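Keep in mind that the numbers below use all heavy atoms, side chains included, and drop hydrogens, waters and symmetry copies. Both counts, for ligands and for their atoms, begin at 1 and track the order of listing. Because the structure is predicted, anything quoted here is derived from the model rather than measured.
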Amino acid sequence: MTTPTIGVLALQGDVREHLTALATADALARPVRRPQELAGLDGLVIPGGESTTMSKLAVTFGMLEPLRAFVRSGKPVYGTCAGMIMVADKLLDGREDQETLGGIDMIVRRNAFGRQNESFEAAVEIAGIPGGPVEGVFIRAPWVESVGAAVEVLATYDGHTVAVRQGNVLATSFHPELTGDHRVHAYFVDLVRRARR
Ligand SMILES: NC(=O)CC[C@H](N)C(=O)O
């Protein structure tokens with residue numbers, strides 16, 4: 001089976017780290033800034049950064065509806081931190097004009113774990129990812145307040161849901177791309193490979 005091509009939304013945020021992690025997980029990875037660059041992708045990663053900015057830039061560059069259509073297409077999508085916010089159906093503590101793409105039937109609370117100086121790292125055991133806990137890097141991170149029946153909770157930290165999956169849409173509150181441990185990216189690339197069959 002040919003190598004999957006996975007885009008990383010490159011409007012804002014930690015794009016380079018995801019490109020590296022995906023390449024390490026044997027995918028062809030490329031940045032995506034315009035609607036036409038979504039064509040031919042087998043999957044898409046929405047990185048961490050600032051979701052309010054990402055949302056504004058998606059509107060400015062006419063990406064909002066094409067991204068929503070990509071999520072609806074059923075092709076795998078993975079959002080980390082701000083990316084988790086972007087794939088949430090509902091958002092708490094977002095800005096007035098903030099848009100999300102939807103994709104996971106969940107309510108996400110923005111900045112739930114606190115401000116920049118309350119960022120932290122913690123070991124997180126993720127269902128479906130063997131080999132022990134991953135190092136969760138939480139930077140002004142959101143958490144999931146509640147999920148619908150179709151959503152699988154993959155990990156919790158301190159009683160809060162921090163990793164979920166609904167069909168082919170995956171989201172984590174934390175940043176595996178910043179740790180050098182690419183097991184979560186390998187899990188996502190496998191999801192992409194299976195979705196192509
Ligand atoms: N590390 C991150 O992606 C931070 C997310 C940011 N606090 C937001 O609300 O979008």
Side-chain angles (χ1 to χ4, degrees), residues 6-22 29 31-33 43-61 63-64 67-68 70-71 76-104 106-124 126 133-147 154-158 160-165 169-185 187-188:
I6 299 176
V8 179
L9 184 62
L11 298 175
Q12 190 265 349
D14 71 332
V15 177
R16 191 171 36 80
E17 294 80 354
H18 278 291
L19 291 171
T20 305
L22 288 167
V32 173
R33 292 183 184 82
L44 180 69
V45 168
I46 303 176
E50 186 45 63
S51 55
T52 53
T53 307
M54 233 176 260
S55 148
K56 272 206 183 75
L57 291 173
V59 171
T60 304
F61 292 108
M63 287 289 278
L64 201 59
L67 286 168
R68 284 173 173 161
F70 190 94
V71 175
V77 176
Y78 173 26
T80 60
C81 200
M84 170 183 259
I85 291 166
M86 291 296 285
V87 297
D89 282 358
K90 291 194 190 70
L91 178 57
L92 297 176
D93 298 342
R95 290 259 175 82
E96 202 47 38
D97 59 350
Q98 186 166 353
E99 301 277 356
T100 72
L101 308 179
I104 299 181
M106 64 178 172
I107 300 176
V108 168
R109 183 177 296 281
R110 189 168 160 257
N111 297 334
F113 281 107
R115 313 215 45 84
Q116 182 74 32
N117 59 8
E118 293 161 293
S119 297
F120 63 96
E121 294 183 18
V124 180
I126 302 177
V134 302
E135 184 191 345
V137 178
F138 293 79
I139 305 170
R140 301 190 326 280
W143 68 46
V144 180
E145 287 275 335
S146 65
V147 295
L154 301 178
T156 61
Y157 171 76
D158 194 26
H160 300 290
T161 297
V162 294
V164 291
R165 180 179 157 191
V169 188
L170 174 70
T172 58
S173 301
F174 49 89
H175 296 267
E177 73 283 8
L178 298 181
T179 66
D181 174 349
H182 300 311
R183 283 181 289 161
V184 181
H185 285 76
Y187 173 92
F188 180 65

* Look at Glu118 together with Arg140 and state whether they make a salt bridge at an N to O cut-off of under 4.0 Å. => no

* Examine the proximity of ligand 1 to His175 and report which part, side chain or backbone, both or neither, has a heavy atom under 4.0 Å away. => side chain

* **Worked check of side chain to side chain contact (heavy atoms under 4.5 Å, CB included) between Tyr187 and Ile126** => CA-CA 11 Å; Tyr187 173 92; Ile126 302 177; over 6 Å; no

* Run the numbers for me: atoms of ligand 1, each under 4.0 Å from some heavy atom of Gly49, listed by number. => 2 (C), 3 (O), 4 (C), 5 (C), 6 (C)

* Of all the heavy-atom pairs spanning Ala112 and Arg109, show the shortest one and how long it is. => CB-O, 3.4 Å

* Asked: What do we get for Thr80 next to ligand 1 when only non-hydrogen atoms under 4.0 Å count, side chain, backbone, both or neither?
  -> neither

* Asked: Thinking salt bridges, do Glu177 and Arg16 make one under a 4.0 Å N-O criterion?
  -> no

* Atom indices of ligand 1 within 4.0 angstrom of Glu50 heavy atoms, with elements -> 6 (C), 8 (C), 9 (O), 10 (O)

* Sidechain N-carboxylate O distance under 4.0 Å for Glu99, Arg68 -> yes

* Between Trp143 and His160, how do the two ring planes meet: parallel, tilted or perpendicular, split at 30° and 60°? -> parallel

* Could you list the atoms of ligand 1 found under 4.0 angstrom from a heavy atom of Ser51? => 8 (C), 9 (O), 10 (O)

* For Cys81 and ligand 1, does the shortest N/O to N/O distance drop below 3.5 Å? -> no

* Asked: Thinking salt bridges, do Asp97 and Arg95 make one under a 4.0 Å N-O criterion?
  -> no

* Of all the atoms in ligand 1, which lie at a distance below 4.0 Å from a heavy atom belonging to Gly48? -> 3 (O)

* Asked: Which atoms from ligand 1 have a heavy atom of Asn111 less than 4.0 Å away?
  -> 6 (C), 7 (N), 9 (O)

* Structure fact -> Counting from 1 in the order shown, the ligand 1 atoms closer than 4.0 Å to a non-hydrogen atom of Ile85 are 8 (C), 9 (O), 10 (O)

* Could you tell me whether Arg110 approaches ligand 1 through its side chain, its backbone, both or neither, with non-hydrogen atoms closer than 4.0 Å? => side chain

